[in-house]
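What follows is a set of notes on a single structure, which appears directly below.
Numbers restart at 1 for each chain; the letters A, B, ... are given by sequence-line order, proteins then strands.
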Amino acid sequence: MQSRENQFIQLRKQKLEKLYTAGIDPYPIKSHRTHKITEVLKGKEEWVASGQEVILAGRLVAMRRQGKLGFGDLEDASGKIQIYVAQNLVGEENYELFKLCDSGDFIQAKGTLFFTQAGEYSLKASQISLLAKNLRPLPPIKEKVIDGKLVRYSALSDVELRYRKRYLDLLLNPSHRDIFIRRAKIISAIRSFLDEREFIEVETPILQPLYGGANARPFVTHHNALNIDLYLRIATELYLKRLIVGGFEKVYELGKDFRNEGMDRTHNPEFTMLELYEAYSDLEGMMELTESLLQCLAMDVLHQSIYRFKGYDIDLSKPFQRASMQELLKEYLNLELSEDDYEQALAFCKQHDIEVPPGSKTGKLIYLIYEDMVEDKIIQPTFVTDFPKEVSPLAKAKPDNPFWADRFELVVAGYELANAFSELNDPLEQRVRLEAQAALRALGDEEAAVVDEDFLEALEYGMPPMGGLGIGIDRLVMLLTENDSIKEVILFPQMKPE
RNA sequence: GGUCCAGUAACUCAGCGGUAGAGUAUCUGCCUUUUAAGCAGAGAGUCGUUGGUUCGAGUCCAACCUGGAUCACCA
């Protein structure tokens, strides 16, 4: 007994045979499109009046045949139009071809534009031809425009199927296509913004002999010719800084990082990061840059600076609020902690079931409390400043109190969107910090950083003072497309094998 | 990893102890201005998997698989 699906496919294959018998190539090498559909959708009356013949091509997404005439909906990437195919216009032979067409086929239709009796703007075909036969029926989608709103009577909504066979999702759910179009616009706008400010886009190794620049467990792979293990990068930071040592003043990289950790609504094992470094700038400069960038994205992509996300009105017009971590603990938890309050901080963690990794000192505890109990409550764009130095091994300490690092994270709608600091350029101090991380590793913290001697050597040659900024692009896209799952903004999210 | 929810026809779902259902899709017939086309008819499901309870299991129970939500860790 054949599966139902195979029976569907068998039927289509029988049609293929009929096409071959009729001497029709179901997969011809050339198409002859003269216009994109969107082009004929502009100036409809003029097209109709001119009687100009056009050839449109696309996927047949719906068929309404009735006797010796029929209608179909033809869709290309630019739009959708109805085609009208009548036997007395295309001829008996060509009409037989139309009868062998299924929804899902790619076809091209030659003809002129007109309005049907029902008033729908359509292509009146003088000839149709097949461009690519569909063998596997698409899930049926019925839709109708009521009061200007598109009503769908059924849709591909199975989340797993949507992610595993993303092409079907994109094909059948046009609004999901729009998410990725917007993603592309965001990335393109970021590039323009940085290019205009004279940043140089660079590419640094994804395969690295040592990993660094963040706290995370890496993926390990093996290079056969060198017979060494290599790590997939967890961040681009240490290589970009080497470039500043090498004389570049403004660099950025937009690319994938890889972290061997859990997956959930906000984490995919590979994700897209923007990192940039600007010599002679500082934290203030990074704030200005971040504000301007987000403002620019809001206007270029959203065309407005205030928009709804998860029921909140998010206002991306600058300047953003600023608050130190200490101030936020006071504001949200009525908790006053400073560098000497280890016991108090520890007690608070225990009281609120916050897991404390071995080797944690006061700074780590303050950071844990903030992350656990404050971060997700911050809705409007806020620069959270003054992170404990203990959790910022690559950032400069604040001159007035070296317990704190000159660092900020930008939090929007409870998400950490950007992370920036005045980059540590003192090679001896950097060594001490990395060795402290190594000590944490020895205590069992698998995410603590490793000591990168080559990086330290580069710093010894001298690196100017500078500001650095990292922005998680997937989360940014989530925010600007109003999605709260990272899988919705990644075309092919990581899934368990079937 | 913990907890909760879900998996029935190609799609969306109903059925929750007694012979597997609907709409759409598909196939056949009719139909020259339809548009969720229409009318008439037909075919189509190991009811996620494996066990168990029962005279009898999509239906109850258990385990497992897959996914989603949520909590814990991280961007």
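- One can place CG of L156(A) at 6 Å from P of U12(B), the figure rounded to the nearest angstrom.
- For D372(A), the listed nucleotide lying nearest its side chain is C73(B); candidates were C73(B), C71(B), U24(B).
- Look at NZ on K13(A): it is 18 Å from C1' on C27(B), rounded to the nearest Å.
- In this structure U50(B) sits in a base pair with A62(B), meeting the Watson-Crick or G-U test at under 3.5 Å.
- Closest to the side chain of K487(A), out of G68(B), U34(B), U32(B), is G68(B).
- Checking C4(B) for Watson-Crick or G-U wobble geometry (two distances, each under 3.5 Å) identifies G68(B) as its partner.
- When rounded to the nearest whole Å, the span between CG of L11(A) and P of A42(B) equals 18 Å.
- Atom CE of M263(A) is separated from atom P of U70(B) by 15 Å (rounded to the nearest Å).
- Dense packing is recorded around OH of Y20(A), with more than 12 heavy atoms of other residues, nucleotides or ligands lying under 6.0 Å away.
- With both ends at atom P, the span from U35(B) to G29(B) equals 22 Å, rounded to whole Å.
- Out of G68(B), U32(B), U12(B), the shortest distance to the side chain of D158(A) is found at U12(B).
- The closest side-chain heavy-atom distance from K350(A) to L346(A) is below 4.5 Å.
- A gap of 36 Å separates the P atoms of C13(B) and U54(B), to the nearest Å.
- Taking atom P on both nucleotides, G56(B) is separated from G51(B) by 16 Å, rounded to a whole Å.
- By the 30° and 60° cut-offs, the orientation of the rings of F258(A) relative to F219(A) is perpendicular.
- Of all nucleotides listed (U35(B), U33(B), U26(B)), U35(B) comes nearest to the side chain of R64(A).
- Nucleotides of RNA chain B nearest to E270(A) and N88(A) differ in position, and the one nearer the 5' end is that of N88(A).
- For G45(B) and U12(B), the C1' atoms lie 16 Å apart once the distance is rounded to whole Å.
- Of all nucleotides listed (C11(B), U32(B), U35(B)), U35(B) comes nearest to the side chain of A118(A).
- Relative orientation of the F71(A) and Y84(A) rings is tilted, given thresholds of 30° and 60° on the angle between their planes.
- Within the nucleic acid shown, F114(A) comes within 4.0 Å of at least one base atom, counting heavy atoms only.
- The aromatic rings of F387(A) and Y370(A) sit perpendicular, their planes meeting at an angle over 60°, well past the 30° parallel limit.
- The residue K80(A) sits apart from the nucleic acid: no heavy atom pair falls under 4.0 Å.
- A gap of 8 Å separates the P atoms of G17(B) and C60(B), to the nearest Å.
- For L69(A), counting side-chain heavy atoms from C-beta on, the closest listed nucleotide (G68(B), U32(B), U70(B)) is U32(B).
- Along RNA chain B, the nucleotide nearest L161(A) and the nucleotide nearest R65(A) are compared for position; the residue whose nucleotide lies closer to the 5' end is L161(A).
- Ion pairing between a basic and an acidic side chain is recognised when a charged N comes within 4.0 Å of a carboxylate O; K256(A) and E270(A) show such pairing.
- At a cut-off of 3.5 angstrom, counting only N and O atoms as typed in the model, there is a donor on one side and an acceptor on the other between the side-chain of D264(A) and the base of C73(B).
- Heavy atoms of G67(A) sit under 4.0 angstrom from at least one base atom.
- Between U32(B), A10(B), G68(B), one nucleotide has an atom nearer to the side chain of V159(A) than all others, and that is G68(B).
- Comparing the same atom, C1', in G23(B) and in A44(B) gives a spacing of 15 Å after rounding to whole Å.
- You won't find any donor-acceptor pair under 3.5 Å spanning the side chain of E120(A) and the base of U33(B), going by distance alone.
- Counting only heavy atoms from C-beta on, R164(A) has its side chain closest to U66(B) among U66(B), C73(B), U34(B).
- Interface remark: the S157(A) side chain does not form any donor-acceptor pair with the U12(B) base, using a distance-only criterion of under 3.5 Å.
- Base orientation of G58(B): syn (glycosidic angle within 90° of 0).
- Across all strands, E371(A) comes closer than 4.0 Å only to sugar-phosphate atoms, never to a base (heavy-atom distances).
- Distance, F71(A) CZ to U34(B) C1': 4 Å, rounded to whole Å.
- Distances from the side chain of P140(A) to the nucleotides A69(B), C11(B), G67(B) place C11(B) closest.
- The nucleotide whose nearest atom lies closest to any side-chain atom of A86(A) is, among A69(B), U32(B), C27(B), U32(B).
- Other residues, nucleotides and ligands place more than 12 heavy atoms under 6.0 Å from the NZ atom of K377(A).
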